[in-house]
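Note that the structure is a prediction, hence the values are computed from the model and not measured.
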Amino acid sequence: MVAIIDYGTGNLSSVQKALDYLGAENEITQDRDKILSASHIILPGVGSFGDAMESMRERGLVDTVKEVAVSKPFLGICLGLQLLFESSEESPGAEGLGILKGKIVSIPKDNGLKVPHIGWNSIKLKQHGGIFDGIDNESYFYFVHSFYLTDADEDAVAATAEYGVEIECAVQKGKLCATQFHPEKSSKAGLQILKNFLKGE
């Protein structure tokens with residue numbers, strides 16, 4: 001069973017619909033026991049870094065998420081990627097999960113590109129296995145974000161994208177993976193990423 005962690009943010013139903021389409025048993029939950037007993041964990045999310053961490057703390061989910069992120073197949077999506085890191089320029093002083101090292105910074109507004117970055121963007125693969133098995137380099141995925149990951153550990157960066165700056169748009173380390181883009185909204189290639197994730201043990 002796939003546990004979709006509910007910590008009071010949006011974008012849960014679109015992830016659930018994609019999993020339903022793939023025939024994967026799943027449940028949106030904030031129950032610790034259900035999360036710990038699930039075979040796979042997804043941490044989706046849209047919204048503010050600081051508000052999301054506060055909401056997670058209020059629900060008593062911080063330690064649970066930290067535990068499953070390093071012990072089970074785990075996929076962070078969009079804000080769910082950013083929360084894996086220590087902090088974000090979006091919410092000065094707010095402490096993230098700190099599971100991975102890297103910086104979450106704002107997309108520059110002086111490069112002539114619209115912020116937030118909304119739409120389809122190609123990615124450059126740094127890793128070709130795991131969730132990217134069978135995914136072609138330069139495949140397009142759907143993004144919606146104003147902040148991005150940079151300076152992550154090189155061995156964890158699975159893909160990058162260009163949007164005025166180089167965005168480290170996916171990480172993969174052991175059973176832990178995360179994408180800045182939305183696989184559940186990225187057509188065939190996105191569904192392939194979810195299929196690959198579901199195969200992980």
Side-chain angles (χ1 to χ4, degrees), residues 1-85 88 94-100 129-135 141-145 149 158 169-201:
M1 197 271 287
V2 183
I4 304 168
I5 297 179
D6 176 10
Y7 57 103
T9 185
N11 194 44
L12 302 181
S13 61
S14 59
V15 173
Q16 185 169 53
K17 283 179 184 175
L19 294 175
D20 288 345
Y21 178 81
L22 294 173
E25 182 186 356
N26 66 85
E27 182 175 352
I28 295 173
T29 182
Q30 51 186 272
D31 182 89
R32 174 178 168 80
D33 291 339
K34 289 182 178 179
I35 294 169
L36 292 178
S37 66
S39 62
H40 295 69
I41 313 295
I42 296 180
L43 182 71
V46 293
S48 159
F49 185 97
D51 290 348
M53 283 304 305
E54 180 62 28
S55 181
M56 205 180 288
R57 276 191 290 274
E58 288 174 353
R59 289 166 169 78
L61 287 169
V62 172
D63 289 343
T64 302
V65 173
K66 285 182 177 181
E67 184 175 341
V68 296
V70 296
S71 63
K72 292 175 177 280
F74 184 99
L75 174 62
I77 298 175
C78 195
L79 182 59
L81 172 144
Q82 297 178 13
L83 295 173
L84 296 173
F85 294 85
S88 171
E95 186 177 322
L97 294 168
I99 295 166
L100 296 172
I131 61 169
F132 289 104
D133 187 32
I135 300 293
F141 293 89
Y142 189 77
F143 288 77
V144 183
H145 64 121
L149 170 64
C169 67
V171 292
Q172 188 167 235
K173 192 169 186 177
K175 296 181 179 183
L176 173 64
C177 53
T179 62
Q180 182 61 64
F181 55 82
H182 289 267
E184 78 284 1
K185 297 180 179 178
S186 296
S187 194
K188 185 178 178 181
L191 289 174
Q192 184 61 50
I193 281 184
L194 291 175
K195 284 180 189 175
N196 291 339
F197 170 67
L198 294 170
K199 290 178 189 172
E201 297 180 353

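When every heavy atom of Leu81 is checked against every heavy atom of Ala170, the shortest pair comes out as CD1-CA, 4.4 Å. Residues Ile4 and Pro44 share a closest heavy-atom pair of CG2-CG, 3.7 Å. Taking both residues in full, the closest heavy atoms of His145 and Gln180 are given as CB-NE2, 3.4 Å, listed atom of the first, atom of the second, then distance. Here the closest non-hydrogen pair linking Cys78 and Gly45 is CB-O, 3.5 Å. Summarising the geometry of Arg32 relative to Glu67, their closest heavy-atom pair is NH2-OE1, 3.2 Å, with the distance given to 0.1 Å. Scanning all heavy atoms of the two residues, the minimum distance from Ala3 to Ala38 falls at CB-CB, 3.6 Å.
In this structure the side chain of Leu100 reaches within 4.5 angstrom of the side chain of Leu176, judged on heavy atoms.
The 12-atom threshold is not exceeded at NZ of Lys173, counting heavy atoms of other residues, nucleotides or ligands nearer than 6.0 Å.
Annotation: the span from Leu75 atom CG to Leu198 atom CG amounts to 9.0 Å, rounded to 0.5 Å. One distance of note links CE of Met1 with OG1 of Thr29; it measures 7.0 Å at 0.5 Å rounding. The CD atom of Glu27 sits 9.5 Å away from the CD1 atom of Ile35 when rounded to the nearest 0.5 Å. The OH atom of Tyr7 sits 9.5 Å away from the CE atom of Met53 when rounded to the nearest 0.5 Å. Here the CD1-CD1 distance, from Ile28 to Ile5, works out to 12.0 Å after rounding to the nearest 0.5 Å. To the nearest 0.5 Å, atoms CD1 (Ile77) and CD1 (Ile193) are separated by 9.5 Å.
Remark: the backbone N or O of Asp51 is not paired with any side-chain donor or acceptor of Ser55 at under 3.5 angstrom. Counting only distance, with no hydrogens or angles, the side chain of Thr9 and the backbone of Val46 share a donor-acceptor pair below 3.5 Å. At distances below 3.5 Å, at least one donor-acceptor pair connects side-chain atoms of Gln172 with backbone N or O atoms of Gly129.
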TODO: Give the C-alpha distance, both sets of side-chain angles, the deciding distance and a yes or no for side-chain contact (heavy atoms from CB on, under 4.5 Å) between Phe141 and Cys169.
DONE: CA-CA 10 Å; Phe141 293 89; Cys169 67; over 6 Å; no

Task: Criterion side-chain contact (heavy atoms from CB on, under 4.5 Å) on Met56 and Leu97, from CA distance to verdict - done: CA-CA 10 Å; Met56 205 180 288; Leu97 294 168; 4.0 Å; yes

- [ ] Any chance you could lay out the side-chain contact (heavy atoms from CB on, under 4.5 Å) test for Phe132 and Asn196, step after step, and finish with the verdict?
- [x] CA-CA 7 Å; Phe132 289 104; Asn196 291 339; 5.8 Å; no

Open item on the list: Run Tyr142 and Phe181 through ring-ring contact (aromatic ring centres under 6.0 Å, His included) and show every step you take.
Closed with: CA-CA 6 Å; Tyr142 189 77; Phe181 55 82; over 10 Å; no

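Sorted by first and then second residue, the ring-ring contact (aromatic ring centres under 6.0 Å, His included) pairs involving residues 8-54 (not counting sequence neighbours) are His40-Phe197.
Every residue was checked against the salt bridge (charged side-chain N to carboxylate O under 4.0 Å, His left out) condition with Glu95, not counting sequence neighbours, and none meets it.
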When the side chains of residues 12-19 are checked against the rest of the protein, which donor-acceptor pairs come out under 3.5 Å, sequence neighbours left out?
unit_1: Ser14; atom_1: OG; unit_2: Asn11; atom_2: O; d: 3.4
unit_1: Ser14; atom_1: OG; unit_2: Asn11; atom_2: OD1; d: 2.5
unit_1: Gln16; atom_1: NE2; unit_2: Asn26; atom_2: OD1; d: 3.0

